[in-house]
*Asks:* 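I have a structure I would like to understand better, so I am pasting it below and will then ask my questions one at a time.
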Amino acid sequence: MNTFLDFISFRDPNVIYVVLGMLFVNTSSALIGTFAFLRKRALIGDAIAHSLLPGLCLGFLVAGEKNLIFLLIGAFVTGWLSTFAVDIIVNRTKVKQDAAIGIVLSTFFALGIVLLTYIQQNAGGEQAGLDHFLFGQAAAINRSDVWVFGVIVVLIIAVVGIFYRSFVVVCFNPDFARSVGLPVRTIEFLITSMTVLAIASGIQALGVILMSALIITPGAAARLWSHRLPRILLLAVIFSVVSGIGGAYVSYAKAGMPTGPWVVMFLSIIVFLSIMLAPNRGIVSRISRARRNERKILQENILKAYYQYHEKKQTKKLDQLLTIDQILSIRNFDTSDLMKGIKKLKREGFMLQEGTTYALTTPGQKESKRVARLHRLWEQYLLKRTQIDTDHVHSGAEAIEHIITPELEKELEKELGIEGIPDEDY
Amino acid sequence: MKKEVSVEVHNLTATYGGRPVLWDIDFSLPAGQIIGIIGPNGSGKTTLLKAIMGILEPSSGYVKVFDKPLDEVRERVAYVPQRESVDWDFPASVFDVVMMGRYRKSNLLKRTNKADVEIVEKSIEKVGLTEFKNRQISQLSGGQQQRVFIARALAQKADIYLMDEPFVGVDAATESSILSILQEMRKEGKTVLIIHHDLQTVSEYFDYLVLLNTRLVAKGTLQEVLTKENLSNAYGGQLTLLAKVVDIIKKTEFPIREKDVDL
Amino acid sequence: MKIINEMNDLFIILTASLVAINASVLGVFLVLRKMSMMGDAISHSVLPGIVVAYYFSGDRTSPLLLLGATITGVLTAVLIDWLSSKAKIQNDASIGITYTLLFALGMIMISGWFSGNVDIDLDCVLYGDIALINLDKVIVDENLYLGPSAFLIELSATVIVLLFVFFGFRGFKLLAFNEDFGLSLGMNMNRWHFVMMGLVSLVTVVSFEVVGAVLVVGFLIIPAATAHLLTNKLIPMIFWACGLGVIAVIIGFYLAVWLNVSYTGAMVTVSGLLFFTVVLVVVLRKKRLSGEYLH
Ligand SMILES: Nc1ncnc2c1ncn2[C@@H]1O[C@H](COP(=O)(O)OP(=O)(O)OP(=O)(O)O)[C@@H](O)[C@H]1O
Ligand SMILES: [Mg+2]
């Protein structure tokens with residue numbers, strides 16, 4: 001608990017730098033990464049991240065010391081070159097995108113390793129820390145780093161804000177963008193530049209390998225929660241920042257724990273939680289929807305069984321008391337399911353019980369007729385519009401009565417030319 | 001004598017991510033005829049062939065071929081996929097691809113033998129590609145690529161051939177040469193099932209038709225199927241209600257077949 | 001002394017060449033299936049498997065290690081499939097999510113949970129330490145020197161890979177060219193897929209110590225893609241890929257010795273340069289051809 005208080009009270013200036021650094025870096029990468037994810041170019045980020053390494057080394061060789069500005073410029077150049085190389089390969093040869101990414105990624109990275117080992121052999125102590133870029137070293141973020149990251153995040157937010165509409169069009173419908181005369185190439189150039197910047201600012205904390213998690217994972221998780229882009233962007237940023245600070249905390253609280261990998265762990269946990277819990281698309285919500293559907297089907301089938309019983313007996317009123325066995329003779333329910341369904345229907349006021357027999361209440365009778373009627377309507381529709389053997393019609397309509405909405409019911413009536421005929425007479 | 005049944009599809013339903021693409025399809029097809037499957041884009045024709053071939057697991061229903069489950073008669077059925085379904089940059093020659101028609105579950109680990117080579121060369125000859133035998137497949141025209149696929153099916157020496165749009169992107173001369181191959185096959189008593197797009201030529205090519213649009217709209221002889229009503233049902237946007245129901249099913253993830261239907 | 005040095009150099013080149021051959025053979029199929037990044041994902045994801053197996057066996061060359069890591073590799077493929085088919089996340093994003101997660105897990109194990117118990121150097125996770133393979137020698141009968149153990153392990157992997165590809169050639173070919181057709185013949189293409197993923201895992205695991213987790217991708221993909229540009233036939237493509245891989249190994253080795261830099265880094269760099277040279281030739285030739293058409 002004490003470490004936690006220490007952490008959040010920022011007593012340690014290093015904690016401030018790390019937390020601010022994470023805040024800036026993760027915001028930039030989540031924002032721009034979501035666009036990359038939506039453009040289905042998630043792995044390009046991976047290629048860029050690996051390709052920054054030789055640029056960093058070149059920046060170091062030129063500057064002769066670990067000067068962040070030089071490093072960033074070098075990284076920016078090779079990062080840019082890498083996306084350019086991928087495009088050339090894909091457009092000019094029969095090599096496909098996946099292989100192009102793999103080739104560019106490994107070639108640039110290998111070159112980076114060559115340069116890195118060259119520097120290690122030939123430069124003195126001042127090269128120390130260059131290999132932090134491989135695995136990331138969030139703890140090494142210092143005051144001037146935070147300033148640079150801050151400038152980058154402001155720049156990225158500004159660019160995304162100003163060009164928001166063009167970004168959206170180019171991401172979702174580049175052909176349309178071209179047709180309305182948007183400068184697609186310029187906008188793509190801008191997106192790529194921002195991507196490279198975001199990645200370049202992140203690798204000090206995450207390292208070249210894990211950096212792609214910051215680009216891909218927040219957007220992928222956020223996408224599960226919403227269909228609306230502003231909300232997706234906001235969620236992605238929140239997920240990413242929370243994970244970043246979580247990672248910083250773990251490494252602060254437990255000596256030896258690396259920050260970057262923990263950030264990735266938290267991000268992954270968020271993805272898996274989203275897969276489980278997201279509304280609509282989440283697994284839990286899908287299971288509960290399936291349950292609800294099953295319950296609805298069961299209840300309506302019970303109501304319909306009453307209709308069928310009375311139909312056989314040729315009585316117009318649906319008021320007979322039936323035993324469980326009588327219901328089962330109409331339709332082969334699973335007995336325990338049937339009991340559950342009846343209980344629910346009783347609670348909802350559609351059925352009543354007398355001793356061991358059950359009957360429909362007035363609303364129940366109405367509902368029963370409605371279900372039977374929908375079934376009929378669909379049967380009629382299939383017979384009219386498709387080829388179906390008369391002995392298949394019934395089972396073909398079996399499932400559909402449960403999902404026909406009142407609007408669809410109207411349309412069905414219209415199409416079958418029986419508009420306005422009241423339930424009772426049908 | 002009762003006419004032999006080649007393919008029997010029973011209550012077949014197939015879904016992609018909860019959306020029914022084929023719904024309660026139920027028919028049986030005669031043997032020894034050239035049968036056309038027609039329907040608008042996205043009506044499930046490709047899916048139907050895939051389901052028949054067991055490439056795709058149907059969500060309900062089953063398929064029988066010559067009155068047996070498919071797995072017992074696999075070797076009597078040949079499948080020609082849509083041409084765009086493969087990457088023609090793949091490093092293989094015409095001969096290599098047609099040789100795939102000789103692959104069997106039982107000889108997958110083996111090398112090529114002489115009898116196979118002979119069959120393959122005959123099949124290539126039949127489609128008129130002998131001079132291109134060693135050409136790389138990316139260096140063929142669209143129509144030639146289509147014929148490579150047909151040769152591969154011929155090399156399978158099957159009794160039923162299922163072909164997905166063999167006439168697409170093919171010039172008139174190739175079209176008629178493919179057609180004469182098919183007619184020759186019919187003479188030998190083979191059954192050919194073809195997905196076709198061009199309504200103009202339907203009555204010229206086929207003996208029997210299946211008209212599809214998610215559901216089976218019609219099937220039977222040309223006269224039975226090619227009625228104004230059927231065509232407008234399938235093509236004329238008369239099935240909007242069906243499409244709406246399909247959307248609802250997808251959105252609510254409703255099971256379209258209930259567990260306890262046995263009435 | 002000189003002779004020993006030359007012996008050592010020879011074994012470095014031989015071992016790296018075997019890595020190149022193993023990887024290129026499988027890489028050809030990965031490239032043709034457009035699943036290159038699956039190879040990338042698997043090579044990163046075997047890290048936690050290696051760490052756990054190493055922790056329990058305490059030995060870098062134990063079969064347990066191979067088994068543990070290979071299983072992790074296949075599980076990676078399963079997880080990626082699950083994310084894209086069940087959780088409906090785009091395939092490329094699924095790959096990115098999966099491998100960063102597993103790689104991060106491996107790093108946490110190395111520097112956090114198992115630190116002190118597992119002596120795996122993070123740098124060689126990235127680019128291997130092929131220079132050190134000669135420290136671990138296999139000597140039979142006190143004096144018969146069979147070579148470094150890394151070389152022997154790599155050699156056994158080569159045998160396994162070549163056997164599978166030789167006997168499974170038709171299956172792999174169907175898988176790469178036309179999976180649906182394979183299914184229509186009643187074949188279990190899923191099984192072939194997982195056999196291939198298992199082989200890729202095996203190769204990345206045995207190569208891990210030699211060339212590292214990241215650079216193995218270069219060995220898998222680059223020579224295979226270069227070969228694809230050079231030939232139109234499958235079997236020649238495999239031979240070209242192996243040849244290119246070995247050439248890059250040899251040139252890279254001497255380059256690295258000369259510049260005193262990482263061996264593996266130099267090998268993959270050379271491989272990449274070969275690829276870009278071929279691309280340049282292809283692009284220029286296309287230009288010239290289309291120029292001729294114009295005249
Ligand atoms: N792999 C898939 N995932 C999701 N939906 C799919 C998939 N394949 C096909 N569909 C959808 O299923 C429906 C039927 O597709 P199918 O390919 O069977 O149509 P088709 O009749 O062959 O069309 P076409 O004439 O264009 O070839 C389409 O709406 C299509 O969007
Ligand atoms: Mg189709």
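Protein chains get the first letters and strands the later ones, always in sequence-line order, with residue 1 at the start of each.
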*Asks:* Is it the side chain or the backbone of C/Met38 that comes within 4.5 Å of chain A heavy atoms, both, or neither?
*Replies:*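 Neither part.
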*Asks:* Could you look at C/Asp40 and say if it's the side chain, the backbone, both or neither that has a heavy atom under 4.5 Å from chain A?
*Replies:*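 Answer is side chain: those atoms of C/Asp40 sit under 4.5 Å from chain A.
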*Asks:* Does this structure show an ion pair linking C/Lys34 with C/Asp92, if we count only N-O contacts that are shorter than 4.0 Å?
*Replies:*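 No.
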*Asks:* Which bit of C/Lys88 is near chain A, if near means a heavy-atom gap under 4.5 Å: side chain, backbone, both or neither?
*Replies:*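 Both backbone and side chain of C/Lys88 come within 4.5 Å of chain A.
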*Asks:* Please rank C/Val283, C/Val270, C/Val279, C/Asn260 by heavy-atom pairs under 4.5 Å with chain A and give me the top one.
*Replies:*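 Option with the greatest count: C/Asn260.
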*Asks:* At a 4.5 Å cut-off on heavy atoms, which part of C/Tyr99 comes close to chain A: side chain, backbone, both, or neither?
*Replies:*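 The side chain, not the backbone.
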*Asks:* Which one, A/Ile283, A/Asp98, A/Leu267, leads in non-hydrogen pairs under 4.5 Å with chain C?
*Replies:*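 Of A/Ile283, A/Asp98, A/Leu267, A/Asp98 has the most heavy-atom pairs under 4.5 Å with chain C.
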*Asks:* What part of C/Leu83 gets closer than 4.5 Å to chain A, counting heavy atoms only: side chain, backbone, both or neither?
*Replies:*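 Side chain only.
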*Asks:* Determine whether the side chains of C/Ser43 and C/Thr204 contain a donor N or O and an acceptor N or O closer than 3.5 Å.
*Replies:*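 Distance-only check fails for C/Ser43 and C/Thr204.
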*Asks:* Go through the atoms of C/Ile89 and report whether side chain, backbone, both or neither lie under 4.5 Å from a heavy atom of chain A.
*Replies:*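 Looking at C/Ile89, just its side chain touches chain A.
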*Asks:* Just say parallel, tilted or perpendicular for the rings of C/Phe253 and C/Tyr263, cut-offs at 30° and 60°.
*Replies:*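 Ring orientation, 0 to 90° scale: parallel.
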*Asks:* Between A/Lys96, A/Lys94, A/Arg41, which has the largest tally of heavy atom pairs under 4.5 Å with chain C?
*Replies:*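 Maximum pair count with chain C is reached by A/Lys94.
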*Asks:* A/Ala85, A/Ala221, A/Gly45, A/Ala99: which one forms the most heavy-atom pairs within less than 4.5 Å of chain C?
*Replies:*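 So the answer, after comparing A/Ala85, A/Ala221, A/Gly45, A/Ala99, is A/Ala99.
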